[in-house]
Peer 1: 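This is the structure I want to talk about, given as structure tokens.
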Amino acid sequence: MLLLLVAVAGQLYAQNKTLVAVSAVKPKAGQTAPFEDSWKAHLNKYHTKDTTNRRYVYEVESGVRSGSYYLVDANISYADLDVERTSDKAHDLDLPVQLLANLILTMVLTISGMWIL
């Protein structure tokens, strides 16, 4: 019984996909629809084969960040951070040209721990 308890505790605290990256962005006035369209186009063009994490978008509807969006990359493991990503120039240029052109505010990307049950 004690070994089972130790094994379960080890699994609960083992490193797995426990990181989440969050970017807070705010579209320019009148640029909400172009921002949403460019984000969807970017995901469809460059991230359809990416199954290592999940991407979410949350719209902030009230409070000091009203009108902003949280772009979330979830289920990232520490091992994912160790893998060197190949540089795709088209992908790297797509973000500033298509997506960031519609934004007035980009907050720093943060990575923090997250429990996934």
Side-chain angles (χ1 to χ4, degrees):
M1 187 68 166
L2 180 62
L3 290 175
L4 179 62
L5 180 61
V6 170
V8 169
Q11 285 297 319
L12 287 176
Y13 293 101
Q15 286 185 5
N16 55 11
K17 296 183 181 301
T18 58
L19 298 175
V20 59
V22 180
S23 297
V25 298
K26 186 169 186 176
K28 293 178 183 176
Q31 295 296 310
T32 301
F35 161 73
E36 291 176 355
D37 293 341
S38 63
W39 179 249
K40 288 184 223 175
H42 175 81
L43 290 179
N44 289 334
K45 187 172 184 179
Y46 296 105
H47 297 284
T48 54
K49 295 179 184 177
D50 184 8
T51 59
T52 59
N53 58 21
R54 297 180 188 158
R55 289 180 172 80
Y56 304 97
V57 177
Y58 297 98
E59 181 178 4
V60 181
E61 295 183 350
S62 65
V64 296
R65 292 204 171 99
S66 178
S68 297
Y69 291 82
Y70 289 124
L71 309 177
V72 180
D73 290 335
N75 296 336
I76 303 169
S77 70
Y78 288 98
D80 293 335
L81 298 177
D82 292 335
V83 174
E84 189 170 334
R85 185 176 65 92
T86 58
S87 180
D88 180 357
K89 289 185 181 184
H91 173 268
D92 295 344
L93 289 174
D94 187 61
L95 285 174
V97 171
Q98 297 297 322
L99 186 66
L100 299 180
N102 298 317
L103 301 177
I104 58 170
L105 172 67
T106 304
M107 298 188 75
V108 177
L109 177 73
T110 59
I111 298 178
S112 60
M114 177 175 124
W115 286 103
I116 297 175
L117 301 175

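What you see below is based on every heavy atom in this structure, not just the backbone, and it leaves out hydrogens, waters and symmetry mates. Note that the numbering runs from 1 along the sequence shown for the chain.
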Peer 1: Do you know which two heavy atoms are closest between V60 and S62, and how far apart they sit?
Peer 2: CG1-O, 3.4 Å

Peer 1: Looking at CZ of F35 and CD of Q98, how far apart are the two atoms once the value is rounded to the nearest 0.5 Å?
Peer 2: 13.0 Å

Peer 1: Can you list the residues that meet the side chain to side chain contact (heavy atoms under 4.5 Å, CB included) rule with A33, with sequence neighbours excluded?
Peer 2: none

Peer 1: When rounded to the nearest 0.5 angstrom, what is the spacing between CG in L103 and NZ in K28?
Peer 2: 8.0 Å

Peer 1: As an exercise, state the distance from OG of S66 to CD of E59, rounded to the nearest 0.5 Å.
Peer 2: 8.0 Å

Peer 1: Nearest 0.5 Å, what's the OG1-CG distance between T32 and D37?
Peer 2: 10.5 Å

Peer 1: So Y46 and H42, would you call those rings parallel, tilted or perpendicular, with 30° and 60° as cut-offs?
Peer 2: tilted

Peer 1: Please enumerate all residues that pass side-chain hydrogen bond (donor to acceptor under 3.5 Å, both in side chains) together with E36, with sequence neighbours excluded.
Peer 2: Y69

Peer 1: Using every non-hydrogen atom in the two residues, find where G67 and P27 come nearest and quote the distance to one decimal.
Peer 2: O-CD, 3.4 Å

Peer 1: Rounded to the nearest 0.5 Å, what separates atom CG in D73 from atom OH in Y56?
Peer 2: 10.5 Å

Peer 1: Taking all heavy atoms of S38 and all of L99, pick out the closest pair and write down the distance.
Peer 2: OG-CD1, 3.5 Å

